[in-house]
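In what follows, residues are counted from 1 in the order of the sequence shown. These numbers were taken from a predicted model, which means no experiment stands behind them. First listed ligand is number 1; within each ligand, the first listed atom is number 1.
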Amino acid sequence: MDDYHSPQTIIAANWKMYKTRKGAAEFFDNLLPLVKDQENLVVVCPPATLLMTIADKYADCGVLFGAQNIHWVAEGAYTGEISAEQAADAGAQFVICGHSERRHYFDESNEMVSHKVDAALNQNLRPILCIGETLEEREAGDTLEVLREDLFASLATVEPTTDIVIAYEPVWAIGTGKVASPADAEEAIGFIRAQLRELWGELACKVSMLYGGSVKPENIAELMACPNINGALVGGASLKAESFAAIINYKK
Ligand code: 13P
């Protein structure tokens, strides 16, 4: 990847544990006519069961696909897991690493996340590394410390690269309808970029950084107006073609 680009704008959908083939087909039938002319990178991360079907069916439609999780080991006796190679083979070009739901419900540590990011990069998958503070941490005034700790530890083994995407997802804003104010999101993402710069130097200015947490058609434009925010990772509002299209087509 060249060294002179500014961060790509990326609008990514995280479908979590929603949709089967029928719903996915309806979604794409409705979405594609609505986003024909957009220039930004659009990524859909469906459940693993849908990845191959939709990546095959909608190859060349302008949308890229991502997995929601991988194991960090290349292959082995890990019932229920999928490897980076398997995700790539199924058509993924991205993979979400260290989403807060995986950190909290499945005890994923920063160390595991760091190895997942490495495993992804080794298979030419672009990791979307998620970090974000809980409400308790924010109220205790620990937000920046938590972000710094999670960022550094989640990248402990990772070589500098603009292939990585970083998503700031405050846990208290996920699925709650409570979006971070643009000023809070910008402060956090600006801080993450400054920390990454300490770690990786100028390359940090070219890494795409997304905001995630109750992104909707009504708040995307003000979030995207923030200088450090290069896109969004969208949960609930990405499940309906109309609202996801409205987010993709936000007016500057
Ligand atoms: P919501 O957009 O539903 O708040 O989810 C955000 C998220 O977790 C994306 O990864």
Engineer: Please check if any side-chain donor atom of Asn249 sits under 3.5 Å from a side-chain acceptor atom of Gln38, or the reverse.
Structural biologist: no
Engineer: Which of the atoms in ligand 1, numbered in the order shown and given with their element, are less than 4.0 Å from a heavy-atom of Ser214?
Structural biologist: 1 (P), 2 (O), 4 (O)
Engineer: Under 4.0 Å, heavy-atom basis, I'd like to know which part of Asn14 is in contact with ligand 1: side chain, backbone, both or neither.
Structural biologist: side chain
Engineer: Which ligand 1 atoms does Ala173 reach within 4.0 Å, using its non-hydrogen atoms?
Structural biologist: 4 (O)
Engineer: Say whether Gly213 and ligand 1 are in contact under the criterion: heavy-atom distance to a ligand atom below 4.0 Å.
Structural biologist: yes
Engineer: Cationic tip of Arg148 within the cone over Phe152's six-membered ring, i.e. under 6.0 Å and within 45° of the normal?
Structural biologist: yes
Engineer: How does the hydrophobic cluster around Trp72 look, that is, which other residues are in it when side-chain heavy atoms under 4.5 Å mark a link?
Structural biologist: Val73, Tyr78, Met112
Engineer: Note the single closest protein heavy atom to atom 9 (C) of ligand 1, along with its residue, its atom name and the distance in Å.
Structural biologist: Glu169 OE2, 2.9 Å
Engineer: Whether the side chain of Ser214 engages the backbone of Ala173 through a donor-acceptor N/O pair (distance < 3.5 Å, no angle test) should be reported.
Structural biologist: yes
Engineer: Identify which of Gly236, Gly175, Gly235, Cys130 has a heavy atom lying nearest to atom 4 (O) of ligand 1.
Structural biologist: Gly175
Engineer: Using a 4.0 Å heavy-atom cut-off, which part of Ala167 comes near ligand 1: side chain, backbone, both, or neither?
Structural biologist: neither
Engineer: List, by chain and number, the other hydrophobic cluster members for Leu125, where Ile, Leu, Val, Met, Phe, Trp and Tyr join if side-chain heavy atoms come within less than 4.5 Å, directly or indirectly.
Structural biologist: Ile70, Val95
Engineer: Taking only heavy atoms of Leu233 into account, list the atoms of ligand 1 that are under 4.0 Å away from them.
Structural biologist: 9 (C), 10 (O)
Engineer: Report yes if the side chains of His99 and Asn69 come closer than 4.5 Å at any heavy-atom pair, otherwise no.
Structural biologist: no
Engineer: Quick test: of every protein heavy atom, which one is nearest to atom 5 (O) of ligand 1, and how far off is it to 0.1 Å?
Structural biologist: Lys16 NZ, 3.3 Å
Engineer: Would you mind checking if Arg103 and Glu108 are paired as a salt bridge, meaning a charged N to carboxylate O distance below 4.0 Å?
Structural biologist: no
